[in-house]
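Below is one structure, written out as structure tokens; the observations come after it.
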Amino acid sequence: MTTPLNAESAPVTTGRSATPIILDSNGYAGPGGTQQSPLLDGLNPQQKEAVEYRGQALLIIAGAGSGKTSVLTRRVASLLETRDAWPSQILAITFTNKAAAEMRERVHAILGQGSDGMWISTFHSSCVRILRREAEKIGLSSTFSIYDSADTKVTLKRIIKGLDADTYGFTPGSAGAKISKLKNELADADSYARNANMSDPQEVMFVEIFRQYQARLRAASALDFDDLIGETVYLFRAFPKVAALYRRRFRHLLVDEYQDTNHAQYALVHELTRPVTPELAQEMEDDGVHVRNLRDASGAIPGASLTVVGDSDQSIYAFRGADTRNISGFERDYPGARVILLEQNYRSTQNILSAANAVIGHNFDRTDKKLWSAGGDGEKIVGFTAYSGHDEAQFVSDEIQVLHAAGMAYRDMAVFYRTNAQTRALEEILVRSATPYRVVGGTKFYERAEIKDALAYLIAVANPVDELALRRILNTPKRGIGPATETGLSSFADDNELTFRQAMRNSAALGLGPKVTGAILELAELLDAAALMLVPTSVTDDGVPVGGANVSEVLEFLLNGSGLLAGLRNSRDPQDEVRAENIEELVAQTKDFNKENPDGGLVDFLTQVSLVAAADDLDDASGTVSLMTLHTAKGLEYEAVFLTGVEEGLLPHQMSANEPGGPAEERRLFYVGITRARKRLYLSLAMTRAQFGDINVAMPSRYLQEIPADLIDWKQSPGMANSRGGTQPRALNARRDGGFGGFGNSLGTGSNDGYGGRSSYGTSKQPVGLPPGKPKTEWANKITGTVRDNGGLELQAGDRIRHHDFGEGRVNQVTGEGTKRIAHVQFDTAGAKKLLIKIAPIEKI
DNA sequence: TTACAGGTGCTTTTT
DNA sequence: GCACCTGTAA
């Protein structure tokens with residue numbers, strides 16, 4: 001379950017009066033006396049200073065595993081304990097809702113008292129909260145919808161179709177990415193148009209797409225993810241008095257993961273920490289807003305104190321507009337800022353840290369920072385080169401079982417990968433080995449079609465002008481309302497300046513068939529009736545409305561009235577049974593929501609659902625292995641980490657190659673992955689990887705050779721590359737003394753015998769490796785021409801073969817063409833495998 | 001209007 | 001390998 005939305009705290013206009021102690025020129029006054037606060041127990045000197053420092057601006061450079069969360073939490077607790085702040089004066093911004101919930105809990109645990117009124121949430125949640133309050137000021141309904149990327153895509157698709165913009169090469173994806181990027185820079189269609197080369201028809205078209213997109217969102221009273229930040233900045237800039245109220249309220253701002261803030265978020269932080277001018281402060285006072293005890297000698301309200309925590313080495317969201325200059329320019333932006341470095345690592349063994357340091361050291365243009373641990377070297381990193389993605393998954397699964405047998409809980413293990421597509425092979429194998437696992441993020445629950453359908457009903461009730469939601473449910477379940485009718489309704493609405501919903505109510509005027517008209521009216525009435533359910537039946541003396549239906553009641557009413565659930569239940573498609581169960585799960589979630597948020601309304605529920613992050617649905621209590629992308633892994637830690645797919649093209653990813661700073665960002669991603677591990681780290685790669693349904697040969701990642709050889713114990717090494725040929729990435733940190741086959745080498749010559757490097761078994765002292773030089777001779781004998789197809793090996797069903805590792809087996813079938821011919825082999829002991837004939841270590845017998 | 005068949009293109013990461 | 005799109009038949 002996700003983090004409950006906090007009950008709304010007191011509105012700013014009635015906020016409690018503030019404590020006068022905001023600034024302390026000497027830093028920290030201390031909680032009195034010589035006694036050290038228990039808050040500082042077990043902290044090192046740098047951490048202590050980070051907790052106790054009092055001043056306008058503080059930058060904490062926190063290396064991975066340096067106790068950042070603990071410091072941040074204690075700092076908040078300390079601010080409260082020393083009476084430097086009331087809870088309601090604190091705004092702490094975290095990266096995920098989960099981190100926010102954790103922080104809230106820990107502050108509560110430390111202080112044992114209410115942290116009520118404190119805002120601990122993500123950038124997006126905080127902004128929604130502000131925007132819902134101030135919505136009418138910027139021409140929005142307070143029940144505005146929040147569009148996710150899928151909603152954006154659908155909207156853009158319609159616009160592009162309407163403009164025939166695909167002839168200019170625009171796709172919903174490309175246009176969406178560009179718009180998002182601009183919004184992160186706080187640009188809008190007009191400002192973009194002013195600077196664009198408008199003699200370029202493509203630019204003109206883009207501006208038009210951008211304009212129409214914005215207009216559609218407006219008409220639907222909707223904001224996309226980027227707008228949530230951008231519109232809040234706009235609100236503060238356009239309405240100084242509104243901004244002043246929030247500046248007055250939030251006296252202490254704390255921002256986690258500052259290296260991942262984009263320009264819009266940076267601007268937001270700036271707006272919130274700006275001083276209130278004497279004139280404005282006076283105006284507020286005249287309006288009856290209590291500010292006197294906050295004003296300084298000049299009559300102004302000084303800017304709030306700002307604490308940011310970050311680590312540029314862990315910046316992995318540049319593709320989303322994150323700009324590390326925000327962190328590197330902090331001292332320039334906030335003159336007199338204090339900078340504290342946390343370098344001692346409390347998480348990982350020294351071997352893991354040494355690997356991490358070595359890797360990240362290859363990024364230039366960074367302030368050198370070396371993590372160190374007092375915890376000893378620990379185990380070596382385990383390396384494994386698999387034959388295929390499935391083989392790799394098998395290795396991971398086997399090792400998980402070994403660790404588990406040795407007493408490690410499943411929940412303490414995690415498997416990381418670069419792309420979501422890699423889960424397929426992993427899941428297949430984990431299911432087969434009955435390993436309990438869960439995919440964190442991935443295809444998220446709320447992104448499933450049936451869930452989006454059900455939610456669209458709720459959105460249509462909460463925000464009646466949202467055309468997107470209405471059109472989604474118009475013919476779901478099937479009501480005989482086809483695309484022709486849908487566009488008919490839409491243009492009818494446009495022509496008569498009606499909303500889509502009003503057009504539905506007036507559908508009789510369209511002259512459609514009685515059946516279709518009836519279906520449209522029935523849906524409109526259902527939604528109207530649901531909206532009525534929400535209206536409170538009475539009001540208490542304090543003005544609190546009572547009697548309105550809660551979220552689950554409305555949802556169940558809609559599901560029954562629309563027949564959505566019944567339709568799935570009665571379907572003969574077995575998949576629909578699962579979909580029905582998912583909807584039941586959603587109903588259960590609304591009931592949980594009611595319980596956890598007695599005051600929460602429909603809009604609150606929808607907001608919470610819109611803003612869940614991948615990492616939020618992590619349930620620490622579940623005894624399962626966690627599978628997730630490297631991006632999702634940030635901020636988490638595990639006893640044992642499997643970092644899979646450490647291959648060229650995957651890590652670094654192919655797509656990053658053209659982007660400026662791409663390879664460096666990929667390296668940081670690798671670094672983030674490594675530093676998640678506490679005790680055991682496994683790096684694995686595959687020599688072939690299935691992609692887009694066919695199989696490709698993969699190369700070991702360049703980052704592997706950046707790790708000192710003595711830190712890795714290769715169970716199966718990719719082998720030593722290549723002294724001849726020379727175009728391929730060079731030797732990995734395989735042991736130099738052994739005679740490894742040349743994985744990279746043989747690729748370089750356009751051929752491959754498969755398991756060049758299989759001869760090494762890491763710590764094994766047996767001379768299993770081929771003598772140096774011998775492999776070369778062997779290849780020299782075998783290689784004829786540029787491409788060798790495993791010596792021209794022809795296989796057909798029925799043939800017996802011998803495999804280097806799997807032993808003997810029988811070929812059941814041969815599929816594919818040319819270099820991608822695949823033998824489906826039933827091995828006598830190793831089971832069924834698919835092998836790429838060209839490179840598999842096999843011979844016919 | 002719906003259902004289905006066949007073709008196409010695609011994946012980096014996410015609030 | 002799959003999701004999505006398009007075109008066709010009922």
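The chains referred to below are lettered A, B, ... by the order of the sequence lines, with proteins before strands, and numbering in each begins at 1.
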Between A/S684 and A/E392: side-chain donor-acceptor atoms closer than 3.5 Å = yes
Between CG of A/N475 and C1' of B/dT2 the distance, given in whole Å, is 9 Å
Atom CD1 of A/I316 and atom C1' of B/dT15 are separated, to the nearest Å, by 13 Å
Task: A/R689 versus A/N696, side-chain donor and acceptor atoms under 3.5 Å - done: no
Heavy-atom nearest nucleotide on DNA chain B taken for A/S149 and for A/A484; more 5' hit belongs to A/A484
Between CD1 of A/I93 and P of B/dT15 the distance, given in whole Å, is 16 Å
A/K634 atom NZ is separated from B/dT15 atom C1', nearest whole Å, by 12 Å
(message) Please confirm whether the shortest side-chain N or O distance from A/T485 to OP1 or OP2 of B/dT1 is below 4.0 Å.
(response) yes
Between CZ of A/F670 and P of B/dT13 the distance, given in whole Å, is 19 Å
Considering only heavy side-chain atoms of A/K478, the closest of B/dT2, B/dT1, B/dT13 is B/dT2
From CZ of A/R448 across to P of C/dC2 the rounded distance in Å is 16 Å
Practice task
Answer with base, sugar-phosphate or nothing: what part of the nucleic acid does A/F95 contact at a heavy-atom distance below 4.0 Å?
Solution key: nothing
From CD of A/Q608 across to P of B/dT15 the rounded distance in Å is 15 Å
Contacts of A/P663 meeting side chain to side chain contact (heavy atoms under 4.5 Å, CB included) (sequence neighbours excluded), chain-then-number -> A/R702, A/Y703
### Message
Students often mix this up, so state it plainly: with edges at 30° and 60°, are the rings of A/H124 and A/F225 parallel, tilted or perpendicular?
### Response
perpendicular
Would you tell me whether A/T607 and A/S610 have side-chain atoms, one donor and one acceptor, within less than 3.5 Å of each other? no
For C/dC4 versus B/dT13, give the span between their C1' atoms, rounded off to a whole number of Å.
22 Å
Whole-Å distance, A/Q259 CD to B/dT13 C1', equals 15 Å
- Between A/K634 and A/F95, is NZ or CZ placed under 6.0 angstrom from the six-membered ring centre and within 45° of the ring axis? yes
For this session: Give a yes/no verdict on a cation-pi contact between A/R320 and A/Y317, requiring under 6.0 Å between NZ or CZ and the six-membered ring centre and an angle within 45° of the axis.
Result: yes
When A/I481 and A/L669 are each assigned the nearest nucleotide of DNA chain B, the 5'-most assignment goes to A/I481
Short heteroatom pairs, N/O only, protein and nucleotides 10-12 of chain B, under 3.5 Å:
unit_1 : atom_1 : unit_2 : atom_2 : d
B/dT12 : O4'    : A/H653 : NE2    : 3.3
B/dT12 : O2     : A/R418 : NH1    : 2.8
B/dT12 : O2     : A/R418 : NH2    : 2.3
B/dT12 : O4     : A/E659 : OE1    : 3.4
B/dT12 : O4     : A/E659 : OE2    : 2.3

